Amino acid sequence: LAREEVSAGGSNARFEASLASFDEAASQLGAARERQLEIAELPVTIHLAGPALERLLLGSLEHLAAAVPSQRRPAATPHLVVRAWDHASTGIPLPPVPRISGSQRAIAYLESGGLRAAFNPNSGVHSLLAPPGRAIWATASAAELPVQERAAPLRTIFQWWMADQRRLLVHAAAVGRHGRGVLIAGGEGAGKSTTAWACLRRGMECAGDDYVIVAAEPPDRAFALYSSIKLDPASLQAAPDRECLAAAVSAPRAGIKAVLDMGMSRAGTVAKSLSIDALLVARVGRGRKTVVRDATAAEAFKALAPTTLYLQAGAREHAACVLSSLVRRVPCRTLELGGDLDGVYEAIAGVIERVAP
Amino acid sequence: VAKRYMWVASRIVHDTFDDEVVVINLENGCYYSLTGSGPEIWAAVGRGATREEILAAVVPPAAISDGAPAVDAFLEALIAEGLVAADGSSPDSVRSGAADGPRETRELRLPVLQKFTDQRELLLLDPIHEVGELGWPEKK
């Protein structure tokens, strides 16, 4: 790690300079578009300079739109304010790019004087968060934003901010019914999205297929963040929800999953939040039948912690502590996924029924 | 001067469950399960124990010929995976890393280290590199 002497003054000056650039350019373009969201029960405001990013950046966050303020219910003071732009359509200069020796693909991460900043050279996204809850998101061109960024926009900023709000963004899915649910853990390829899809198409609620926000302490709850769901062609062909398919954000390509919007599904719904009544360790089985077995807390931790921590820049010890407590509090099971999607749904419905408090 | 073993704390996150320790290497994308006498050895390493102190904690004297090579191989594997470092500069009288005395009656339990690489791709796709202010140029 290249830890060097840091100066808070430099960090804050850089952040303030980027804010000033945004405000100046936004005023030249006309007023910035403002969107009010409610994320994990906390008010968030997003300012977009120019129209280019609106659909790309907010598509999978639309379901979190806050209620229109009224006299009886005035707008809440946001806990997080994000200012976002792309250079190509606005001309607003991007924050400076750090120099990294060695890997050209490494995400540069800086934590200094309260500021957290990251530049991802693979997606071209700059993320900055300064206290109290002020964030900047910027990229060179909205048109070139990778599909994974559109499916899970602003993820790095949300990750940092959540840690300050006694919440944690975890790499897991969550499904349930009538507000009660299960967290589904497992790394890439473990079957989280397929499981979420299997449940959604049978009318269950889903709070996310890849990322959900969990409360850092009891009561254990999973909050929805993105309404996107990533599916491979095989899952798409298995008795698909036609309405959801018709509104696909992106079609599948060789080696890349399709991205759909769960909010378009006629069968299931995107849940704002679900209780976490059990934690399921997903893994792809060999047969058609889905099998549920008891799992240890250590098995659940291995399925949930590495994959969450590897995707996180900073605050990893805090994240590990939250997950360590969670796997000890809730019942854990392994979910050996069969090829029959209805069987997956029935197995999960059975777990929810059995672990009812 | 006896070598003392220690965790490479800057690189790892670890947690102890009933009879298993899970260690996550944040730099190489691998995670590990330590079972058998592995959790006791891991705890002794966390106290800065020497080889002799670790052997005393986990190997009954009567089984030392079978147990010592297994413990040595386990420690070497932990070092090779970047989870543990051996520091040769500490005199062996600094502190005792042994949790208890020799266990005459205890059966020999060998340490087991299991390595998981299934999430490695995730880290290699988007590796995270911490930089300081000097790596981040000021806006011109």
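A note on names: the letters A, B, ... follow the listed sequences, proteins ahead of strands, and every chain is numbered from 1. Because the structure is predicted, anything quoted here is derived from the model rather than measured. Computed over heavy atoms, backbone and side chain alike; hydrogens, waters and symmetry mates excluded.
- In this structure, A:Tyr310 contributes its side chain and B:Asn28 its backbone to no donor-acceptor pair below 3.5 Å.
- Between A:Pro306 and the options B:Leu26, B:Val13, B:Asp118, B:Ile24, a side-chain contact (heavy atoms from CB on, under 4.5 Å) holds for only B:Ile24.
- Using a 4.5 Å cut-off between heavy atoms, B:Ser33 contacts chain A through its side chain alone, with no backbone atom that close.
- B:Asp19 does not touch chain A: none of its heavy atoms, backbone or side chain, sits under 4.5 Å away.
- For the set B:Asn25, B:Thr16, B:Asp15, the count of heavy-atom pairs under 4.5 angstrom toward chain A peaks at B:Asp15.
- When the candidates A:Ala320, A:Ser324, A:Cys321, A:Ala190 are compared by the number of heavy-atom contacts under 4.5 Å with chain B, A:Ser324 comes out ahead.
- When side chains are defined from C-beta on, B:Gln119 does not count as touching A:His171, because their heavy atoms never get closer than 4.5 Å.
- Taking the centre and axis of the six-membered ring of B:Phe17, the NZ or CZ atom of A:Arg328 falls inside the cone set by 45° and 6.0 Å.
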